[in-house]
Structures are given as C-alpha cells and as structure tokens.
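A, B, ... follow the sequence lines: proteins, then strands. Residue 1 opens every chain. All values reported here derive from a predicted model rather than from experimental measurement.
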Amino acid sequence: MSETGKFGQYGGQYVPEALMPAIEELTDAYERYVLDNEDGFMDEFRERLRDFGGRPTPLQYADQLSERYDTDVYLKREDLLHGGAHKLNNALGQVLLAKYMGKDRIIAETGAGQHGTATAMAAAHLDMPCEIYMGRTDINRQRPNVFRMRLNGAEVNPVTVGRGTLKEAISETMRDWATTVETTHYVIGSIVGPDPFPRMVRDFHRVISDEMREQSLDRLGRLPDSVLACAGGGSNTMGAFAEFVDDDAVDLVAVEAGGSSLTVDEDEGVAPNSATLSTGVEGVLHGARTKLLQDSDGQIMESHSVSAGLDYAGVGPELAYLVDEGRVTPVNVGDDAALEGFHRLSQEEGIIPALETAHAFGYLHENPDAVGDVTLINVSGRGDKDLETVIEETEKRDLDVDVEMSVFESSGGAM
Amino acid sequence: MSETGKFGQYGGQYVPEALMPAIEELTDAYERYVLDNEDGFMDEFRERLRDFGGRPTPLQYADQLSERYDTDVYLKREDLLHGGAHKLNNALGQVLLAKYMGKDRIIAETGAGQHGTATAMAAAHLDMPCEIYMGRTDINRQRPNVFRMRLNGAEVNPVTVGRGTLKEAISETMRDWATTVETTHYVIGSIVGPDPFPRMVRDFHRVISDEMREQSLDRLGRLPDSVLACAGGGSNTMGAFAEFVDDDAVDLVAVEAGGSSLTVDEDEGVAPNSATLSTGVEGVLHGARTKLLQDSDGQIMESHSVSAGLDYAGVGPELAYLVDEGRVTPVNVGDDAALEGFHRLSQEEGIIPALETAHAFGYLHENPDAVGDVTLINVSGRGDKDLETVIEETEKRDLDVDVEMSVFESSGGAM
Amino acid sequence: MANNPALAAAFERDEPAFVPYLAAGDPDYDASIEYVEALARGGADVIELGLPFSEPIAEGTTIQDAIVRALDAGMTPDRYFEFVEDLDVDVPLVCMTYYNLLYQYGDELGPRPFVEKAADVGLTGFVVPDLPAEEADPLRAACDEFDLDLVFIVAPTTRGERLDRMREQVSGYVYVQARLGTTGARDDVSDQTEVSLSRIDDWDVPKAVGFGIKEGDHAARIVRAGADGAIVGSALVDIVAAGEENDDPVADVADRLETKAHELKQGALRGAEQRAEASGD
Amino acid sequence: MANNPALAAAFERDEPAFVPYLAAGDPDYDASIEYVEALARGGADVIELGLPFSEPIAEGTTIQDAIVRALDAGMTPDRYFEFVEDLDVDVPLVCMTYYNLLYQYGDELGPRPFVEKAADVGLTGFVVPDLPAEEADPLRAACDEFDLDLVFIVAPTTRGERLDRMREQVSGYVYVQARLGTTGARDDVSDQTEVSLSRIDDWDVPKAVGFGIKEGDHAARIVRAGADGAIVGSALVDIVAAGEENDDPVADVADRLETKAHELKQGALRGAEQRAEASGD
Ligand SMILES: Cc1ncc(COP(=O)(O)O)c(C=O)c1O
Ligand SMILES: Cc1ncc(COP(=O)(O)O)c(C=O)c1O
C-alpha cells in the first residue's frame, strides 16, 4: 500500500484478503482518474456536479445570526445540493468512478438514508444498477428515504443482524462486496473505511472548501477566522476543511454529537453520544485504524445521537490525525443544544437544517466568542428528513428556544 | 389603472373597494422598485436569490430521456432552489418588496403548502411576521409542509369554510387583507389575482427563462425548439416562458392537469381536471378576468388533479391571453400519465420531481415528436412532498412503467 | 342621481332608510321568502337581496355561511329571479352579488342579459362588491339601458381620484363602508363613519352606511353622523343561522327578524330626530 | 514454516488435517466447552476457536449469529482465555478473531499483550481475517516472540506481489479460501480450489482449504485437489444453532457435532487415499 494511505498512525487497509485486490484496483483507479484526471474523469465529474448536483452552492451571509452573535456568520449552503445534503458530491464521484472502472453494479450502506438516497440518485443518473443495505430498524424509522431510494430504482436490502443500524449495514455491505468484488463497486458513505476511501471521499468533497475559500476571498477579501462543520464519519467536515488545512490562521472546528451525555455505560456497551474525536480511543474498525467508541475489551459500542447521521462509533482517520496534530479542534454539542440550533436557524434564517448540521449552530450559540470575527459554517444538509424526529424530540424537552408545539399535536383538530 | 394591467381582455382588478388603495400602493411600489430598481431593490433581490435561494439553477442535459425520445432534452433545475420549488423566486421578491414598502406583516394563502413554505422561509429570512391561510383539508393532507411553515415561525391559520382547500384559502386571505391592508402585504402565490400581481409575480419568476435563454445560447449556441412547463396558476410557466415570448420560433407549451377526465359534472359542480387553459371559459375570479372552470351559471367548480399544486379552477390572465393569441399551446396530461412521468424521471434520471412537474414529462412521453430537436423542460419542484401521494396513487393503478410497489407496502415487515 | 324611480323614492321620504340584507335562499327557498317578507313588515325601505356566489371574497364568516347554505339548497341565478317574482313585498330590491354571475348569465358574455332579466323581474339596482368603478363601464351601460341603479361601496381608504371616478359612476345610493374589513356584526360603529361621510358630502346620491351595524343604537348613531340610511346584514343573517341551527319554526324566525328590523328602523328614526335637534341648536 | 511445535505437529502426520471452527461461548460458556471437546473426539487435528468481535465483517450470517449468541452470553477476551484453559482437548487451538480485540488487550495498545496471554494459556496461533499482510508486522513480531503462528488467508483473487508478501509473513498453515464471499456452507466446492492451490504450490507451509465445506465428500474433494487440511465452520455452527433453536440437550448436540466431525475427517482421509491412487497411476 502506498504510504499516502496513512494519516500518521491512522488509516490503512484492515480488510479481508478477498477485498484486497479490489482495494488495489480502486487505489489504482483513484490515482489515475481522480488524482491525474485520466480520460477527463474529473472534468466530467465537475460538470455533472454542476449540472446535476447544482454546484457551486452559495456562501450566504446570515443576517440574523450575525447580529445575534455580533460576528459575521456565513453559511455554506450544501443543503441546496441535489438530494438535500453534501452526500451527493461523494456518491456521484464514486458511481462515476465505478463506471470508468467498468464495474456494472453499485452497492452502498446507509444509516439515516442520506447516503443511500444520494447513491441511488447518482446511480439512476448514471444508469447503474444499485443495491443499498440498510438496517431493519433504520428502514422503519426512515421511511421517506426508503421510498426515495426505491423510487430511484434502487433495491433496499434490510439488514436484520444485531440492532439493525448503520454499523451492521456497513459490515453487511462489505460482505456483499467480498462476494461480488469483480463486478461491483462499494460506494462508502463517509471518509471512513480502508484506504483509498478516506482520501478519495475527501477529494470528492473537497469542492466544498474549494468554493468556500474562493468565495471568502472574493467576497470578503480575506480568509475566515474559523470554519465549523458537524462531524459524524466526517465527510462534510473534511470537505469543508481540506483546502483550509494549510491556512494556519483559520481555526477548524469539528462539532460532534454529545448526545445525552459523554459518560459511557460499559456494561451495556453503550456510549450515549457519538463524540468519537473527543472521547474515542484508537482502534481498528471497518477497514481502518482510527479513533473509536469502544469498551476496554475493544468491542465497538452502540453510539447515540438525536441525529441519525452522526450516530456512528468511528470517525475518518484523517480527522483523528488532524485532531492529534492539533490542527482540528474537536468539540461536542448535546442533543438539546442541537435541537435548539435547529429551531433557531429555522426561525431566524428561514433555513431548516439537517439535525446533523444543527450541531454546528448549537456550538456557535454556546461559544459565540470562540469563532472570531468571520466564521463559515457548513450547512451540510436540509432538515426535511428530520421533521418527525424534531417534533417528537422537541415535545419531550423544555428547550431554551420558543417553539409552539401544541399546533403540531392538534393539527388534525383545533389548530 | 394603467393599461399595462391588462392582457387583452384578461386581467384587471376585480376586488373589494377597501383593497383598491392597497392595490394602487402596490402598483406604485412595483413600478418603482421592480421596474425601475429604485433604492437598488432588484439588486438586493437578485443577490438574495443567489445567496439564499441558490440561483442560478443549472440547465442539465438529460442523458437517459434524450436517448429514449431521440431528442435533446434539457432540464431547468428549479427543484434545486431553496425550499424545493420555483416558488421562492416570487415569495422572496414579494416579502422583500413588502419590506421596502414599510409593511410589517406578511400573509399568504397556500394549497399544497409549497407557496406557504416558500413564503414562511422568505419571511423568516427577512425577519417579517408571517401568517399563512390554509384549508383544513389541505392541512390534514400536507402535514410535512405545515410543520415546515411552523418551524420557520409562521402561523398557520386553518380555513374551515367550504371544502377547506386552496380557493377558500385565497378568499380568506383576501378577507384578512381587506381588514389589515395598511400594515400587511398579501403575498399571492401565482400569477393570478388583481393587477399588479400577475405582472409582478411573473417578473419575479422571469429569472427562470432569463437563465434558460442564456444557458441555452451559451451551451448550445442556439435557442431551443420548445419550452415545456406545467401550469396550475401558471407562475413557473410564465417564469419559464417570459423571455422566450418574443422568440417566435420557440414553441411554448403549457401542460395542464387533465386529471381523471376532461368531462365535467355540472350537477356536482365538479371538473375532474384542472385544464383551465384548454377547457375553461372567461370569467372573473379572485380579482382578475381570466379563463375559469365554472358551471354555466358562473359558479366556480371544484377542480381536480392528483397534484395538489395544479388543482386550481383559475389560471393567470397573461397565459389565458397568450393562449388566445396562439403564442402558448395549452395541452393536458391525465393523472396516470403524470404518475408515469414521475416514476420515469425518478428511475432514469435520478431526479424525483414534484407531481406538478411530472405532468410535463407525461406530455413529453406522449408526444416525443412534437417538441423538436431541442426541448427545455422546467423542473418546477422536487417531489419529496409527494412521496405518500405517489405511493398511494400508484398502488391504485396499473401503470405503464415498472414500479415494484410491494416493497413499500411491506416495508415494516418482510421487505 | 338615480335611474330607478322606486329606489329613488325610497330615499326621498323625509326619514332615514333602513336597508337590510339577506341571502336569497338561505336556508332554503321557502323559508327565505318568509324571512325577506318579514323584513319588509319590520320596516325595510330597501332590501339588498344577495345572490349567492361560490367565492364571496368580500364577506365575513356569517354571510359566507349563509351563502353556502343557500347554494346547498339549490339557489341559482334563475331561481333567484323566480324568488324575486315570488316575493310579496312592496319595497325596492337591490341585487347584491359578485361580478362573475352577472358576466356569465345568458347567451353572451357580459352583464347585459343579466341586467335585462333583473329589470324584467322588478329589481331596482346592484351592489357588486368585487367590481370597482374602473371595471364597471359595461354594467353601468346596461343599467342605464334598463333604468336600474349601480351602487358603489366607498371604503374608509377611498380617496382622491378614486372617489371622483366612483362619483361619476354611482347611482341609486352610495354604500359607505363604516370600517375596514369584511362584513360582520361588531359591537361598535367606528368614528370613521363621520369622516367618510364628510368626504362625499357634496355627492347628490343618498348615503347609506353599513358594516357592523347590529343594534338600533348603532343605526341611530350613524344616522346622527349624517347617513341617509343604515345597511344591516350580518346581524340579520345571525338570526337566520340561529334559527336553522336550533331547527326553529320558520314563523318564529320570521317574527324575530321582523322584531329586529323594527328595532333597527326605530333606531334610525331616533338618530334622525337627534340630528335634527342637534342641528336645531 | 512454523513457530509453534504443536501446530506444526498437527500437519506433520501422514494424513490430511481436519480443522473445525466454532465460536467460543456459543450459545453459552458451558455448552460451548462440550461442543469444542466433541470436535476433538470426532477427529479434529486443529481447532480454530473464534473469539467473538462485535463487527465481524468477514463472516456470513451463520457465524455472525453465533458471534451474537456468544457475546450475548458474556464472552470477552478474558473469558476466552479462561475458556481455553478450561478446555480438555489434546489438539492445537488457533485463535480466530478481529484485529481490534488483539490491539486493545492489556495495558498498552498493540497486539503484544494479547499474544503473550495467548501463549500463556496454550493457544498456538492466530487467524485474523481483517489483518492483511501489509498491516501485520506488529502481530508477526509478537508471534515470533512467543512462538505462535500467524495464519493468513489466500483468496481466489490474491495474486502476484500480494502473494509474495503473504508468503513472507505466514506461518503455521495457510488458509486457502475456496471461493469469493464470506464464510457459509454451500452445496458444492468450487473448482477454484485447485487453481488457488497451484498458485502457492511451492510454499513451505501446509495448505488448509476452507469456505463452503459442508460434507465429507466436499472434504474429500478438496483434499484430492491437493489440500493438506479441510477447514469447516458454518456446517458445524449450523448444528449448534439448530440445537439452540430446538432447545436440544447439550449432550445430544455434542453427539451430533462429534458425528459430523467424524464424517468430515473421514472424508478428508478418503480424499487423501484417492489422491494417492491418482498419483499412483
Ligand atoms: C446532512 C448531513 N450532515 C452530516 C452528516 C454526517 O456525515 P459526515 O460526518 O460524513 O459528513 C450526514 C450523514 O448522514 C448528513 O446527512
Ligand atoms: C413544484 C410546483 N410546480 C408547479 C406548481 C403550480 O403552480 P404554478 O402553475 O403557479 O407554477 C406548484 C404549485 O404548488 C408547485 O409546487
């Protein structure tokens, strides 16, 4: 494996031998098509991102938040990308790459269904058969996304093992890949997994910070003091950070899900958060060495977050490395503050963000003085998928933001 | 009233006297701010459309459809606009105008909830209190949109009169306006209503054809042979047509909802379609003279379409005029063909369109030879709002497109 | 200015006119006949008789509901004309409706066939709340042809040029809207009435004030403020609605309407006396 | 090449080795002890004893389910070592698990503490399906230090340089994967076996073939094709799972496992005879 597949001690390729040839083939394709633009791959990718995906996405000045926090807050509007989240950058890149590689079948895992829908859209767009593995539990709680995948012509394969959520779906997709590796490409959904995935997924998302940096220089004549992005696996995060990594004066803040608590229940094997960068321990999962939420034996713990897309026990190895290097600051925000961030952005800016994204606004609210004079926040996705969850979770809580919930409860009646 | 408020015999200002001063004030504001860019209104509007709305939207080549129909099909991606439909162009324009006029309250009607959500978003973005009138029936069948409006901080006022749908909501909003006209602006949702609304709403949506025309010239070095857009009230339609009206060689095709049948049930006062341009008779409704679905007495009929956003008994007076002039060709497509169009675009292009939009693809499918060598289709919105309806309506039918519905039915079980 | 002599006569008497409104056919044809006749017995000088339209954008909830009831019971323009013929009342009737019904009637588009028929059955004029003076030429012409009047509504917000245009077009009487908003009975009558009346002081048509008049005292007040007549709708429709809701005998409801009409007419008369006294000082 | 004499001895006998797999602690600690011992009685030459990891990405459904059962019943690395000590068997045990468990064990990160402990309790080597040769240096070093072996899996897709790297690292035996895909009993054994074996013909470690061996005849076939041993997992786990599902007495399930082991061992022996005959031609 080429040394570029490691980020310090993180990364690598911890996969079954049967997959190694596919990984090597992919590495080769990545280097040729993505890094060297062979056959004009990157040109076609950029063109399709523009025409099909809707790039560039705007960098918007947030009037209300800027006033509230007395700092210039700019929003990178990845929520406007086709499908409603940054996810398409990666899904489109990988499905197109699979096509260049001569593969004729796409598989992917999905948790909340965001990566699955993005992959299904990209596969339909590029006329590739597509199967999505999704935990049975997730299927039941994310029906609209299941519908969207099916409408785009993708098969949705339920995974019933274990708790039936994201990590089981990843394992299951790897199993499918191990069997079908000659004809099939596995479109992984974040900057995780064995090399070259973390590098490659980052490079497909790099366009986010590419645009942000240019928009910032064009519009403000300067770079921001900080860039904020939520972090689950970390793909929107590295997408938003990549081009700023060498700009030492720009603070890069990865906002993880603090969930309901940072305290772990070892007996139950449950971490009631997904704050992998802040609290995780180095280990090996899903093909890479990285920080993990695990018990002292090394068994992976159930993570938790009110936002399904952050609910993962691992994190991209590159982020783990950048955190250790001190280049990226990991912070975390609990469920309550994320919900408040969700309502605040909805009410004050007219943008209903994904619950994942909302964590970044929770952080801004709690630390308005920490972000400098100009901060760019990556709005990684829109919240249409989260309406039911938000209503349910808001009802349970006494939030520090004015939301009149009664109207929802009774909307069949006296609203 | 200035003569520009009429389109031939159509248009005008048929409103209660109490509203006339507001209409005159609005006409004045429209002429100064929109037509003459006073105080840089249009500059600010365009900037906000870009940064908040996500303009320009792409013009995308549709690989699969082009091949299938052996003609170059390009998609104008208004579905990528913030909120998921063209509606924001108008909502943002009017709320901003209200602000320039010194109004401090926004009201609007909504049917399917698309205009309501766009208005709520624009009002939140511009920090204006906002109330949306929505029929009780529509509230119950469009819950996600009700949630979105509420999350954006808008009040949603149920209208219980009559059938509790769009036309009752329009009447009710006019009533509110008649009482509050001095402080309140009524953001009407299509190119309907008394002058200056039809002109003004068209001008806010004109950016669609502005971009289409430029993109077409830039990319293809020529104008298209035809432009297709669905037509309910007709705002996305005139938005997509406006800049092409003087290009005589470009066919402009307005695709209406043929519903389940073009035959009217006079006794029940029901037209099982919304094909106003094709079958309507001149009359006066909601402030304007235009074509209407009405019985021989002049009572307005209940219209019908599988897509809530086309389900309206009137149509913009300008479209009525352009149809009479022979400049716009009215066609219609039934519920079944629209559903098939929906599935086809979802499966083949990876774009789940609004059911309204799907009518244009239904027409393309039925008349691939009528659109010339290059056709531009306005994808007026995305279909996330329509998932439940589509699943329900598809199940009832034996469609001419391969949709495996069983997986939806049993998704809680053996899927 | 007036075309129709009967309508003119109603305002030429030396007392303020009481002008009640009901929707024809609410809650059904037969009962509605009784109710309108009861208003006449109670002292109506002119009756505004609503022809229900499916989209009554200028009405409040009370009258909207009345319109729905009447439509559900089968009211149509043709039935409306029969209704007018069947009525046994001795006061001029003014047709209150929306423009689309006038526009669609008969074999050709435009208001003329409707106006011709209206004249035929003995109606004396029109109030069309969604027809501003700017759009009224064809209806004005037809009214002139058949000697009917065309009443316009002056709103509190009507000023300047708009007033002039209306003044040119109006005939029969002018309907002065006492406050902003749609029809609906309120508890007080706005002070705007006096201001509004002063703006049209020199028009040579009778001025009837409506919107929110509910009791005799309200009527008295607006007449004292200078009105030539008091228009009352929702307060009467409320009685019909309550009767319908409680399944009361038609005769009882008719009695209540007559009593209410009497109260309102007496109020108007009281107002006139007070005004005379005041100007006598 | 081998570090561990016991493991080496198991392949040095003049007959093909039968190498069964079970997950330690499936369905519970005590039953699992009985089952592993039954395999030994049935003729196992080496036993691959699974240490359950929460994310077994290389396993098929059958073994995944076994792992879930074992974890639910409380299996942990420390319990696993006790388990090995409690076992009364006379065949070398190879630990099959995922790298993270090796990596986390003990006070420092890295595989050394685990390997030390494994040597201590008498394990003879490791199969780590998610640890390719490229990442194996630390584990290789620890194995060398404690005289344990490190088995690698050669897949049908493994070629060229990858083979060379593995050849350098492997010891004890090489696990030849009979087909693509994850573990799981199939009805036939792929022809790929012969091709795969020919690629590593000249390696000086025993070649054991696994993936999809279910019956004595399968074992015979792969031994005939040149294998030095037959690895069988899912077919045995299936017996455990069925016993668990039907609530069968542990002794009955153990008998069935012993019988099955016997069948498989006999199959392997039969294959060896057939091969000898064939080469004798
Ligand atoms: C909108 C959105 N943001 C963020 C995430 C988290 O993923 P990542 O950390 O890879 O960006 C998700 C995952 O589903 C998402 O949907
Ligand atoms: C996506 C979409 N397209 C079209 C329409 C129809 O409106 P119009 O004809 O004014 O464009 C609607 C109305 O809700 C809509 O939501």
Between [options], who has the most heavy-atom pairs with chain C when the cutoff is under 4.5 Å?
options                               : answer
B:Met20, B:Glu172, B:Glu182, B:His286 : B:Met20
B:Arg289, B:Lys167, B:Glu17           : B:Glu17
B:Gly283, B:Pro194, B:Ala22, B:Gly287 : B:Gly283

Got a sec: does the [atom1] of [X] have more than 12 other heavy atoms crowding it under 6.0 Å?
X       : atom1 : answer
C:Glu82 : CD    : yes
C:Phe81 : CZ    : yes
C:Glu85 : CD    : yes

Heavy-atom side-chain proximity of C:Gln169 to C:Phe152 below 4.5 angstrom: yes
Heavy-atom distances under 4.5 Å only: say whether [X] touches chain B with side chain, backbone, both or neither.
X        : answer
C:Phe53  : both
C:Leu71  : side chain
C:Pro156 : neither
C:Leu101 : both

Donor-acceptor contact present, side-chain B:His115 to main-chain B:Val187, <3.5 Å: yes
Identify which part of [X] has an atom lying under 4.5 Å from any heavy atom of chain C, answering side chain, backbone, both or neither.
X        : result
B:Glu282 : both
B:Ile170 : neither
B:Ser296 : backbone
B:Leu292 : side chain

Ring pair (Phe, Tyr, Trp, His ring centres under 6.0 Å) between C:Tyr29 and C:Phe83, worked out: CA-CA 8 Å; C:Tyr29 192 96; C:Phe83 186 96; 5.3 Å; yes
Reported CD1-to-CD1 distance for the pair C:Ile213 and C:Ile222, which is rounded to 0.5 angstrom: 4.0 Å
C:Tyr105 side chain to B:Asp297 side chain, donor-acceptor N/O pair below 3.5 angstrom: no
